[in-house]
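Here the structure comes first, spelled out in C-alpha cells, and everything after it is commentary.
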There are 2 protein chains.
Amino acid sequence: MSDGSLRKGLQRAELARRIGCNHETVRYYEKVGLLPAPPRTTAGYRRYDANHERRLRFVLRARELGFCLDEVRTLLRLVDESDQPCSEARDLAAAHLAEVRAKIADLKRMERVLKDVVVRCADGTRPECPLIETLFGGKAA
Amino acid sequence: MSDGSLRKGLQRAELARRIGCNHETVRYYEKVGLLPAPPRTTAGYRRYDANHERRLRFVLRARELGFCLDEVRTLLRLVDESDQPCSEARDLAAAHLAEVRAKIADLKRMERVLKDVVVRCADGTRPECPLIETLFGGKAA
DNA sequence: TTTGAAGTCTGTAGCGATTACAGAGTCAAG
DNA sequence: CTTGACTCTGTAATCGCTACAGACTTCAAA
C-alpha cells in the first residue's frame, strides 16, 4: 500500500468478501459496464470506495430479484440520469413480475406431473415405470 | 430421394416439424448422444424412422419437465439397459422434484418483493422510488 | 534479507442448452 | 438450366458468471 490518496480503498477481494460475492464477478460487472472503473494504484491495482460498494450491492440485490443484467443496467441509468425514475422503474418491475409469475406457473406444471409420477412409482419395484411411460406415451403436460 | 431402403425415412426438418422443435436441436441431440445416429442416404442425408421420432419425443417431454440433458441421458440408459428401471427413475424424479420446488420457492420470494414494490410505486409519479430504494437500502429478501 | 504466501493484473476458455450462420453440396420441379 | 428448398459440416453467439494461466506486487515472518 503506497499510494497516498488511495490508501484507504478496498481491494477487489476485500470488497467481494464484504459483500459476499465472487471477486471475479466484480471484475466482470466492471467489464460489462455495471460498475464504474475504479481508480488504480501506481501498480495498477483497483481501489474501491464506498460508492462502488453501494453500487455493487444494488446490482446484487437486483440480481436476487431476478432482473437480468440488461434490466439492471437500465435501473442504474434511471438512478443516474432520470429525476423521475419511478415511472420507468415501476414498468420494468411490473414486466419482470409477469415473467416471474410465468416461470412459477411453468414450474408448478412440472411439479404437478413430477409429484404424480413419483407417487405412482411408489417404491420403485413395479414392472413398468410410470415416469418412463409418461415420457414415452402420455400427456406430459 | 434415391436410396431404396431409406425411401420412406423422414428428413431432419420434416421430423422437427412433426414434433415441433427446431431442426438444429435434432442435430444437437445426436451430437451429445441423446439420439442415435440415423442411417444416411448415399449423399449423406440423415433418414429418421419411427423409433427416432419416439425417442426425440421422449427427450422433449423430459425437457418439458425440466430434466437436464444429463438426467435425460440417464433416463434413456435406464430404458435401454435396465429391466428394473423404476427404482432409479423414481429417485431421479424425486430429486428433480425437490429442485423444482426449491426454484418455485426462490421465485415466490422474488414475486412477493416485486409485487410489493410495484404496489408501492403506485402510478410512478412519486418523488422517491420504492424499487430503487429497496435495491439500494433495504431488506430485499 | 530473503522467501513464501497471498494478493493483483490481463486475457481467455469453460459451463448448459440451444440457436444461428457460413459455405458447400444435393435434389426436384418448372 | 435454373431456381429454391433442402442438406451437410464446423464454428460462433447467447447469458451470467467462474476458473484458469502466467506474470507481477505486496506484506509479513524467518
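All chains are named by letter (A, B, ...) in the order of the sequence lines, taking the proteins before the strands, and each is independently numbered beginning at 1.
Contacts of A/Asp91 classified as side-chain hydrogen bond (donor to acceptor under 3.5 Å, both in side chains), with partners at least two apart in sequence or in another chain: none. The side-chain hydrogen bond (donor to acceptor under 3.5 Å, both in side chains) check on B/Asp83 picks up nothing, with sequence neighbours excluded. In terms of the side-chain contact (heavy atoms from CB on, under 4.5 Å) criterion, residue partners of B/Arg73 (sequence neighbours excluded) are, by chain and number, B/Val32, B/Leu34, B/Leu69, B/Asp70.
Evaluation of the ring-ring contact (aromatic ring centres under 6.0 Å, His included) test over residues 99-126 of chain A, restricted to residues two or more places apart or in two chains, returns none. Applying the ring-ring contact (aromatic ring centres under 6.0 Å, His included) test to every pair with at least one member in residues 15-39 of chain B, sequence neighbours left out, gives no pairs at all.
Following rounding to the nearest Å, A/Leu15 (CG) and C/dC9 (P) show an atom-to-atom distance of 11 Å. The separation between B/Gln11 atom CD and D/dC6 atom P is 9 Å, rounded to whole Å. Taking atom CZ on B/Arg47 and atom P on D/dC6, their separation rounds to 13 Å, with Å as the unit. When the P atom of D/dT9 is taken as reference, atom CZ of B/Arg12 falls 8 Å away, rounded to whole Å. Residue A/Glu71 contributes atom CD, which lies 12 Å from atom P of D/dC15 at whole-angstrom precision. Computed from coordinates, the B/Tyr48 OH to D/dC6 C1' distance equals 13 Å when rounded to whole Å.
Between B/Arg46 and D/dT7, a side-chain N or O to OP1/OP2 separation shorter than 4.0 Å is absent.
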Study note, to complete from the structure: Expected string for nucleotides 14-21 of chain C under the B/S/- scheme (protein heavy atoms, under 4.0 Å, primed atoms plus P, OP1, OP2 as sugar-phosphate) is ---BBSBB
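When side chains are defined from C-beta on, B/Arg47 does not count as touching B/Arg12, because their heavy atoms never get closer than 4.5 Å.
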